[in-house]
Amino acid sequence: MNVSESRIEPQTALVEAARRWLAPVREALGGEFLSAYLTGSVLTHGFDAAHSHVNVFVVARALPPAVLDKLAAAIPATRKAPHFEPLFMTREQITSSLDVFPIEWLDLAQRHLRLEGEDVLGSLEVPRTWLRHQCEHELRGKHIRLRQEYLASGKRADRLREVLGRLSSGFHALFRTLLRLRGEDPPANTEKVIERVADAYGLDARALLGAHLVRHATRRHGDAEVRELYQKFMVEIERLTGAIDTLRLP
């Protein structure tokens, strides 16, 4: 499999562990099984198998209650790392929800590793109009959330620090999509993704990095610094929303 710039190749031992986890799941699905993939953070730099979950996306022809009962009994319990977190969907559910979840499907289509089965994700095509609409919808909702949290915090740095850490991963997925909206393949490194978004949309890169810096800080930011990072990040998200609102796709 070719490795795109948007993902890394996970360790061989982890891929083998995923295939061992998948074996009883595939047996339970029987003829309903279509394919299975590794997705999510396991394909990015900085993944920590000791603490992070490994996302496994399983595609089936159908998932009636009888099959779900078999799956519930077959899914292996992972008491020791790596911990697997599966998502089961049918092919029809994928194709019928492309207009509802274009960000999520584009991310999966462009960043996955097939474990077994046919390549269902390889043929997905997400119309960019739907993608732009969801990007703007997500940005507007997240900006409102940031502002509401800021007001509710009473400017308490501990509360603002927690909000940035909690919301940052959602912004990372959105930032990758904003590059794909421009026809670019986003880097696997999150900081480089954010810096590229800032450059592409005329934003302050340091300010846009605010949530990421707080969540992954090697040192604890002071209270005044956290408030400043939060304020600047909130301003740049509003500017980014305006840029997407006026974006015209070819």
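On a predicted model such as this, the values are computed, not experimentally measured, just so you know.
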Which atom pair, heavy atoms only, marks the closest approach of F33 to G117? CE2-CA, 4.1 Å
Are D107 and R176 packed together at the side-chain level, in the sense that at least one heavy-atom pair is separated by less than 4.5 angstrom? yes
Looking only at atom types and distance, does a side-chain atom of R159 sit under 3.5 Å from a main-chain N or O of R156, one as donor and one as acceptor? no
Taking the six-membered ring where the residue is Trp, are the ring centres of F57 and F88 under 6.0 Å apart? no
Regarding T78 and W21, is there a side-chain donor-to-acceptor distance under 3.5 Å anywhere? no
Side chains of C135 and I103: does their closest heavy-atom pair fall under 4.5 Å? yes
Can a donor-acceptor pair be found, under 3.5 Å and without considering hydrogens, that links the side chain of T90 to the backbone of Q93? yes
Does a donor on one side chain sit under 3.5 Å from an acceptor on the other, for Q231 and Y150? yes
Might you work through the side chain to side chain contact (heavy atoms under 4.5 Å, CB included) test for Y37 and D119, ending with a clear yes or no? CA-CA 9 Å; Y37 302 85; D119 193 6; 3.0 Å; yes
Are R206 and L213 packed together at the side-chain level, in the sense that at least one heavy-atom pair is separated by less than 4.5 angstrom? yes
Tested for side-chain contact (heavy atoms from CB on, under 4.5 Å) against L139, the lone hit among T241, D245, I144 is T241
Hey, could you give me the CG/CZ distance between L160 and F233, rounded to the nearest 0.5 Å? 12.5 Å
Cation-pi check, R196 onto F175 ring (under 6.0 Å, within 45° of axis): no
With side chains defined as the heavy atoms from C-beta onward, is the minimum distance between L34 and R91 less than 4.5 Å? yes
More than 12 heavy atoms of other groups within 6.0 Å of E118 CD: yes
Salt bridge or not between E149 and R145? Use side-chain N to carboxylate O under 4.0 Å. yes
Separation between CG (L63) and CD (E92), nearest 0.5 Å, reads 11.5 Å
Please tell me if the side chains of D158 and V226 come closer than 4.5 Å, counting only heavy atoms from C-beta onward. no
Supply the atom-to-atom distance L106 CG to L181 CG, rounded to the nearest 0.5 angstrom. 9.0 Å
Would you confirm whether R180, through its side chain, and Q110, through its main-chain N or O, come within 3.5 Å as a donor-acceptor pair? no
With rounding to the nearest 0.5 Å, note down the distance linking CD1 in I237 to NZ in K142. 9.0 Å
Report yes if the side chains of L38 and N55 come closer than 4.5 Å at any heavy-atom pair, otherwise no. no
Check this for me: F101, atom CZ, are more than 12 non-hydrogen atoms of other residues, nucleotides or ligands nearer than 6.0 Å? no
Heavy-atom count check: over 12 atoms from other residues, nucleotides or ligands less than 6.0 Å from E27 CD? no
What is the distance from atom CZ of R215 to atom CG of L209, rounded to the nearest 0.5 Å? 14.0 Å
How close do V67 and A62 get, heavy atom to heavy atom, and via which atoms? CG1-O, 4.5 Å
Could you tell me if the side chain of V59 sits less than 4.5 Å from the side chain of M89, heavy atoms only? no
Would you confirm whether H143, through its side chain, and R140, through its main-chain N or O, come within 3.5 Å as a donor-acceptor pair? no
I'd like to check R182 versus L247 (side-chain heavy atoms, cut-off strictly below 4.5 Å). Are they in contact? no
Looking at E195 and K192, is any side-chain nitrogen of the basic one under 4.0 Å from a carboxylate oxygen of the acidic one? no
Side chain R227, main chain K155, donor-acceptor under 3.5 Å: yes
Answer yes or no: is there a donor N or O on one side and an acceptor on the other, between the side chain of E116 and the main chain of S35, under 3.5 Å? no
Could you tell me which non-hydrogen atom of P10 sits nearest to which non-hydrogen atom of V15, and how far apart they are? CG-CG2, 3.8 Å
Would you compute the distance between atom CG of L167 and atom NE2 of H172 and round it to the nearest 0.5 angstrom? 10.5 Å
Going through the distances and angles, do R19 and E16 end up as a salt bridge (charged side-chain N to carboxylate O under 4.0 Å, His left out)? CA-CA 5 Å; R19 289 195 170 109; E16 291 175 349; over 6 Å; no
Apply side chain to side chain contact (heavy atoms under 4.5 Å, CB included) to the pair Y230 and L146, showing each step before the final yes or no. CA-CA 9 Å; Y230 194 105; L146 284 169; 3.6 Å; yes
